[in-house]
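Everything numeric in this text was worked out from a predicted model, so none of it was measured.
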Amino acid sequence: MKDNNQEEFKKELGLLDGTMLVVGSMIGSGIFIVSADIARQVGSTGWLILIWLISGLITMIAAISYGELSAMFPNAGGQYVYLKEAYNKLTAFLYGWSFFAVIQTGTIAAVGVAFSKFTAYLIPVVSDENILYEIGSFKLNTAQIVSIVIVIVLTYLNTRGVKNSKILQTILTIIKILSISGLIIFGFTLAAKSSVWNANWTDAWTPRSFNTENGSWFPIGTTALISGISAAMVGTLFSSDSWTGVTFIAGEIKNPKRNVGLSMFLGTLIVTIIYVLTNVMYVAVIPLNEIAGAKSDRVAVVASQYIFGDIGTFIIALMIMISTFACNNGLIMAGARVYYTMANDGLFFKKAAKLNNASVPEWALWAQCIWACVLCLTGKYGDLLDFVIIIVLIFYILTIYGIIILRRKKPDAVRPYKAIGYPYLPWLYIIIASAVAVSLLFTKVSTCGWGVLIMLIGIPVYYLIKEKEII
């Protein structure tokens, strides 16, 4: 491993930049749309809010646990490095392989697709209904083109250096926080109605399912509730994901032993508060059946129409465009650093280990861009979410358990920060995340199963690379 190359990164990012990267990467489009699916799955206000709260809390538990690892290994590569230190190169490679094939590129694609969907509100010609080319079952539409263009533009910007990217990220994320806060405040002050609030909290813990055809509710049992919660948490966990991005660029963070872990904690705390308050605003403004039946799941659009009238549609569309643009900038910035670290270990294309004149891994950025653009052509936001989240959960579980392994393997290692609530909080995360992952494999095998298969294909690929040194 070429450790000397790590020194070529410029330490341009402070605590504010790290925190804004976490917040900006986490808040994409999910908070604006996934509450509709949650409402359909569990059919009650209490469960809707609780699912968002649980997802936020376990994300914060994971973040404060990761703080121990980030302080021990304050280098570029983040989770890849942690898995290599706790387990072995194979486990780390499977993460990196999955990260490139599914996790980061799939997330970039999903956020790009969301950007294009809401751009169509302002510019109807870029709708996914505008088909440009068709062959067999494949259809190329203008929304896919917009998604791809955004990914390419942001990739190019990131090849010019981390300084410009961090300025854009910080500015857009602050705008994002202020605009969502404004939506929450105006929602409570201009559109909240006691009649809607009281009706939504009547039988707040009675689970139901929503029939989209006739707009009616019907009761569900415990088994269906468990399945519904698992399915609903795909959206909330995806919306709460990407907080690890700051660990990937640790080589460019000032005082990383302190600021990486603190950025994760502050970022996940801010996002959890925003997510919960946004959903409380939803149920104060919108009847639950309208949340569940929101057109194309755009709950925020419905809320904005209640708050601002007809112009609300355009306001929320602009907000989500800013939100997803900033989200993808953070994802693209962070992702390439993992491939850079893998290449230095001889487990990715050698060119990915090269830094350009701006001290960023340009080749790795473009490789990530090309595959993300391919995934954009699927145009299916929901499938991309299922595809990504099962692999994310598996490696989060392994990484958190890695803390326990490293406490045993390296008891005398310097730990500038130790995980709060160890070992209880790490074990709590492992148990909850494992339950969700197992449930997803049973309930969404058609999409989650393919994600796991892609991960497992990495095993023979690893040995081929190791033995043949083909890259």
Side-chain angles (χ1 to χ4, degrees), residues 1-11 66 68-105 158 162 244-253 256-257 260 331-356 359-371 391-392 394-403 405-406 409-410 413-414 454-471:
M1 181 173 179
K2 305 171 189 175
D3 288 324
N4 59 311
N5 278 0
Q6 299 283 358
E7 298 174 1
E8 296 181 29
F9 280 121
K10 294 181 180 178
K11 292 189 178 297
Y66 264 58
E68 177 170 322
L69 297 172
S70 68
M72 289 178 70
F73 309 108
N75 304 310
Q79 198 168 352
Y80 168 83
V81 174
Y82 310 156
L83 289 166
K84 183 178 69 174
E85 294 290 340
Y87 299 93
N88 48 48
K89 273 193 173 184
L90 172 59
T91 305
F93 173 80
L94 289 179
Y95 170 73
W97 162 266
S98 302
F99 188 82
F100 180 78
V102 178
I103 298 172
Q104 197 74 352
T105 50
N158 275 276
V162 73
T244 54
V246 71
T247 69
F248 304 145
I249 61 169
E252 292 146 283
I253 296 281
K257 291 183 179 181
V260 172
L331 294 170
I332 289 167
M333 182 196 305
R337 275 64 177 176
V338 175
Y339 321 131
Y340 165 85
T341 306
M342 290 177 67
N344 274 317
D345 281 348
L347 296 176
F348 200 70
F349 296 98
K350 293 177 182 178
K351 290 182 179 180
K354 302 293 183 181
L355 302 181
N356 66 8
S359 298
V360 295
E362 182 173 357
W363 193 93
L365 279 162
W366 285 118
Q368 173 182 256
C369 173
I370 291 169
W371 184 238
I391 308 299
V392 168
I394 289 171
F395 284 108
Y396 279 168
I397 292 164
L398 288 173
T399 306
I400 298 295
Y401 187 68
I403 298 171
I405 292 176
L406 287 170
K409 284 175 62 175
K410 300 182 178 182
V414 176
I454 290 174
M455 177 188 71
L456 295 177
I457 288 173
I459 296 175
V461 172
Y462 170 79
Y463 286 106
L464 179 65
I465 292 173
K466 184 180 179 182
E467 293 177 11
K468 303 294 183 181
E469 297 183 351
I470 61 173
I471 57 175

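The distance from atom CD1 of Ile249 to atom CE of Met333, rounded to the nearest 0.5 Å, is 6.0 Å. Here the CD1 atom belonging to Ile403 is positioned 4.5 Å from the CG atom belonging to Leu69, to the nearest 0.5 angstrom. The CG atom of Leu83 lies 14.0 Å from the OH atom of Tyr401; values are rounded to the nearest 0.5 Å. Between atom CG of residue Leu398 and atom OH of residue Tyr87 there is a gap of 4.5 Å, rounded to the nearest 0.5 Å.
Applying the side chain to side chain donor-acceptor pair (under 3.5 Å) rule to Lys410 yields the partners Glu85; only residues at least two apart in sequence or on another chain are considered. Applying the side chain to side chain donor-acceptor pair (under 3.5 Å) criterion to Tyr82, with sequence neighbours excluded, gives no partner residue.
Heavy-atom minimum distance, Met342 versus Trp97: CE-N, 4.0 Å. Taking each heavy atom of Gly245 and Ala334 in turn, the nearest pair found is O-CB, 3.4 Å. The shortest heavy-atom contact between Ala250 and Val260 is CB-CG2, 4.0 Å. Nearest heavy-atom pair across Asn344 and Ala353 is OD1-CB, 3.7 Å. When every heavy atom of Ile454 is checked against every heavy atom of Ala101, the shortest pair comes out as CG2-CB, 3.9 Å. Contact between Lys11 and Ile253 at its shortest, heavy atoms only, is NZ-O, 3.6 Å.
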* Please lay out, stage by stage, how Thr399 and Tyr66 fare under the test side chain to side chain contact (heavy atoms under 4.5 Å, CB included). => CA-CA 8 Å; Thr399 306; Tyr66 264 58; 3.2 Å; yes

* side chain to side chain contact (heavy atoms under 4.5 Å, CB included) between Val338 and Gln104, intermediate numbers included -> CA-CA 10 Å; Val338 175; Gln104 197 74 352; over 6 Å; no

* Asked: Checking side chain to side chain contact (heavy atoms under 4.5 Å, CB included) for the pair Tyr396/Thr244: CA distance, chi angles, key distance, verdict?
  -> CA-CA 10 Å; Tyr396 279 168; Thr244 54; 3.7 Å; yes

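Using bins of under 30°, 30° to 60° and over 60° for the plane-to-plane angle, the ring pair Phe348/Trp363 lands in the perpendicular bin.
Side-chain contact between Tyr95 and Ile103: present, with at least one pair of heavy atoms (C-beta onward) separated by less than 4.5 Å. Counting only heavy atoms from C-beta outward, the side chains of Phe73 and Leu406 approach each other to under 4.5 Å. In this structure, the side chains of Arg337 and Val162 come closer than 4.5 Å at one or more pairs of heavy atoms. Counting only heavy atoms from C-beta outward, the side chains of Ser98 and Phe395 approach each other to under 4.5 Å.
Partner Lys84 forms a side chain to side chain donor-acceptor pair (under 3.5 Å) with one of Thr341, Asp345, Thr91 and no other, that one being Asp345.
Ring pair Tyr339/Phe99: centre-to-centre distance below 6.0 Å.
For the pair Thr105 (side chain) and Gln368 (backbone), a donor-acceptor distance under 3.5 Å is absent.
Under a cut-off of 6.0 angstrom, the local environment of CH2 in Trp371 is sparse, with at most 12 non-hydrogen atoms contributed by other residues, nucleotides or ligands.
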